[in-house]
Amino acid sequence: MDDILARYRDCEVDIHYLTKDMFSDRGVLTDLGERWLELTKNPGGRNAETLLVPVSAVRIVKIIARADAEQDALLRPAGGEGP
C-alpha cells in the first residue's frame, strides 16, 4: 500500500477517517511507513503541527494539490515582453 501512497509524498491531501462523523484532516503528506502516515498541517507556518496517522484508520486519501504544481507556474506574465 505504501508504494501507492509514496507517489503522493509532499502533496496536499485530505485524509478521511473510518468514523461515523466523517472526520478528516488536511495537510501535506510528509512521510509514510508500512503502518503510519505523517501529515503536517500548516507546514512552514507558526502553528504547524504533525500528525501520525495509523494506515488502518484511513478510509480515503483525497489529493488536493500535487507537489509538482509549482513547475507549471509562469515565470513571467503571459503576453509580457521577454528579454
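Along the sequence shown, residues carry numbers from 1. Hydrogens, waters and symmetry mates play no part in the numbers below; they use all other heavy atoms, side chains included.
Looking at residues two or more places apart in sequence or on another chain, you find a side chain to side chain donor-acceptor pair (under 3.5 Å) between T19 and D21. Remark: D31 engages R9 in a salt bridge (charged side-chain N to carboxylate O under 4.0 Å, His left out) (not counting sequence neighbours).
Listed by first then second residue, pairs satisfying salt bridge (charged side-chain N to carboxylate O under 4.0 Å, His left out) with a partner in residues 51-60 number zero, not counting sequence neighbours. Under the ring-ring contact (aromatic ring centres under 6.0 Å, His included) criterion, no residue pair touches residues 42-61, with sequence neighbours excluded. Sorted by first and then second residue, the ring-ring contact (aromatic ring centres under 6.0 Å, His included) pairs involving residues 18-38 (not counting sequence neighbours) are Y17-F23.
In this structure, the separation between CD1 on I63 and CD on E12 is 10.0 Å, given to the nearest 0.5 Å. The CG atom of L39 sits 9.0 Å away from atom CG of D14, with the distance rounded to the nearest 0.5 Å.
Linking Ile, Leu, Val, Met, Phe, Trp and Tyr residues whenever their side-chain heavy atoms come within less than 4.5 Å leaves L5 and V28 in two separate clusters.
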Side-chain donor/acceptor pairs under 3.5 Å, residues 40-53, sequence neighbours excluded:
unit_1 : atom_1 : unit_2 : atom_2 : d
T40    : OG1    : T30    : OG1    : 3.2
K41    : NZ     : D25    : OD1    : 3.1

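Across every non-hydrogen atom of R66 and C11, the tightest pair is CA-SG, 3.7 Å.
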